[in-house]
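See structure below.
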Amino acid sequence: MNVALGVTGCIAAYKAVEVLRGLQKRGASVRVVMTRHATEFVTPLTFQSISGYPVITDMFAPSDDPEIKHIQLAQSIDLLLVAPATANALAKFANGIADDFLSTLYISTTSPALVAPAMNVEMWAHPATRENVRRLRERGVEFVDPEEGYLACRTVGAGRLAEPERIVSRAFELIGSSKPLTDLRGERVLVTAGPTQEAIDPVRFLSNRSSGKMGYAIAEAALARGAAVTLITGPVSIAPPDGARTILVRSAAEMFKAVSDNLEGSTMVLMTAAVADYRPASALQEKIKKNGDALVLELEQTDDILAAAARKRGSRIVIGFAAETENVIENARKKLNEKRADLIVANDVSAADAGFEVDTNRISLVSSGGVVDLPLMSKREAAEQILDAALRVRTSRPLPNL
Ligand code: PMT
């Protein structure tokens, strides 16, 4: 299936990377067309690297090809998907304005068009936009309507780009063909997620801000790609993905034991959990009472679960994370060597839009082969990229017989 993915200029443009990956994973070949304003938000190089094709940004770019590019593309696609679509793009489509490549492609193609708008709540509610949407729907354009939520303009309401998964599913519904991705079939993936809690006394503990979102996204993505998944998780408030064998733990020692007990049956290990490096040397049996004096807690180091798993790796693929606030790549390289992992996923946890708690992450894949810096993306998309990287390691190491 051939899809043209139109990306227009708004903050949600980065989510189009995830839409692109979702389309590809189900077997689509995707050519990306960006408006000039979209290139202000995400570079064409990002889409080019992922799609494997040059990105079209210019109607009149010189080319050796005598064919008229927009007509050629218009005739070769099964679907035109525009995500995100701005109010401006909708207005152009509704009025037949063809002043750039994307709007010209829209009026040149007879293929179905699917549009996923994203804009400020007032812009989405404006009578001009409502009228444009009505006219486009009347002409057969399909929509994945924006969702309600907190918008980049710091208001709450309808306008947020629909989840990439929803957009991709709708695209395949429209053209009626989808190839499920099963490239992890046969893999038994062990994922650790969430924080650990180290007891100080019966009511207090030392912990950290991990929400479990990154690890759960990896578990979810691995399941969707056909793997059997064991998820070993510290205490979090999100629900584990359906289909994962989930083992609940609290402390680093419990996580160590759960990983040791389940290592044998696994072929890939991804240690996303934020494991405490130190715990109170002795947990008190009774609640500590305050007595006016300063309190000194003696801490002892916990066992390193990742390093222990890597020591027993066999042909297993072992991937760790590095949560850093400075010298991110240098520290990740140190962890790669010290813990002897195949790959370290480095994230700068001091960034507001990456690391702990948020739905997005900006990761670097650090291995002996070099460093791949990825742009800001949803944790689900980051999970897909990490699993792709794990599979690249797999090609050099055959799947063990379990
Ligand atoms: O859960 P979220 O809110 O989505 O946040 C995601 C995240 C920030 C927790 C995640 O992206 C992340 O960075 N996880 C690793 C957190 C961490 O503990 O990093 P570290 O640099 O301290 O540890 C390095 C690696 O060693 C990690 O794979 C860790 O799981 C592992 N480790 C650490 C200590 C220990 N005793 N045993 C370990 O196995």
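Just so you know, ligand 1 is whichever comes first in the structure, and atom 1 is the first atom listed for that ligand. Hydrogens, waters and symmetry mates are skipped; everything else that's a heavy atom, side chains included, is used.
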Just which atoms of ligand 1 are under 4.0 Å from any heavy atom in [X]?
X: G355; value: 5 (O), 6 (C), 8 (C)
X: T272; value: 9 (C), 10 (C), 12 (C), 14 (N), 15 (C)
X: K379; value: 2 (P), 3 (O), 4 (O), 5 (O)
X: E357; value: 2 (P), 3 (O)
X: A273; value: 15 (C), 16 (C), 17 (C), 18 (O), 29 (C), 30 (O)
X: K335; value: 20 (P), 21 (O), 24 (C)
X: D303; value: 35 (C), 36 (N), 37 (N)
X: G320; value: 28 (O)

Nearest to [atom], what protein heavy atom do you find, and at what distance?
atom: atom 11 (O) of ligand 1; answer: N347 OD1, 2.5 Å
atom: atom 18 (O) of ligand 1; answer: A274 CA, 3.3 Å
atom: atom 2 (P) of ligand 1; answer: S211 OG, 3.3 Å
atom: atom 39 (O) of ligand 1; answer: L306 N, 2.8 Å
atom: atom 28 (O) of ligand 1; answer: M271 O, 2.7 Å

What do you reckon, does [X] have a nitrogen or oxygen under 3.5 Å from a nitrogen or oxygen of ligand 1?
X: V358; result: no
X: A322; result: no
X: V349; result: no
X: G194; result: no
X: T192; result: no

For this session: Would you tell me which option among F356, F256, F321 has the nearest heavy-atom contact to atom 9 (C) of ligand 1?
Result: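 Among F356, F256, F321, the closest heavy atom to atom 9 (C) of ligand 1 comes from F356.
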Seminar exercise, completed: Closest to atom 34 (C) of ligand 1 (heavy atoms only, candidates T360, L270, I218, D277) is D277
Should the proximity of [X] to ligand 1, defined as any heavy atom under 4.0 Å, be assigned to the side chain, the backbone, both, or neither?
X: I305; result: both
X: V236; result: neither
X: S210; result: both
X: M214; result: both

Taking atom [atom1] as the centre, does [X] end up with more than 12 heavy-atom neighbours from other residues, nucleotides or ligands that are less than 6.0 angstrom away?
X: E138; atom1: CD; result: yes
X: Q285; atom1: CD; result: no
X: D242; atom1: CG; result: no
X: R36; atom1: CZ; result: no
X: R139; atom1: CZ; result: yes

Exercise. Touching ligand 1 at all, K339? Heavy atoms, strictly under 4.0 Å?
Worked result: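 Yes; K339 lies near enough to ligand 1 that a heavy-atom distance drops under 4.0 Å.
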Problem set entry | Any A276 heavy atom less than 4.0 Å from ligand 1 | yes
Taking atom types as modelled, is there a side-chain donor on [X] or [Y] under 3.5 Å from an acceptor on the other?
X: Y14; Y: T46; answer: no
X: N132; Y: T129; answer: no
X: S211; Y: E357; answer: no
X: D78; Y: S111; answer: no

Please confirm whether the backbone N or O of [Y] pairs with a side-chain atom of [X], one donor and one acceptor, at under 3.5 Å?
X: R380; Y: E165; answer: no
X: N95; Y: I97; answer: no
X: T302; Y: D277; answer: yes

Problem set entry | E173 vs E142, side-chain contact (heavy atoms from CB on, under 4.5 Å): CA-CA, chis, key distance, verdict | CA-CA 11 Å; E173 270 168 31; E142 293 285 336; over 6 Å; no
For this session: State plainly whether the residues R225 and D183 are in salt-bridge range, i.e. N to O under 4.0 Å.
Result: yes
Problem set entry | Nearest-0.5 Å distance that lies between atom NZ in K257 and atom CG in N262 |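 With rounding to 0.5 Å, NZ (K257) is 9.0 Å from CG (N262).
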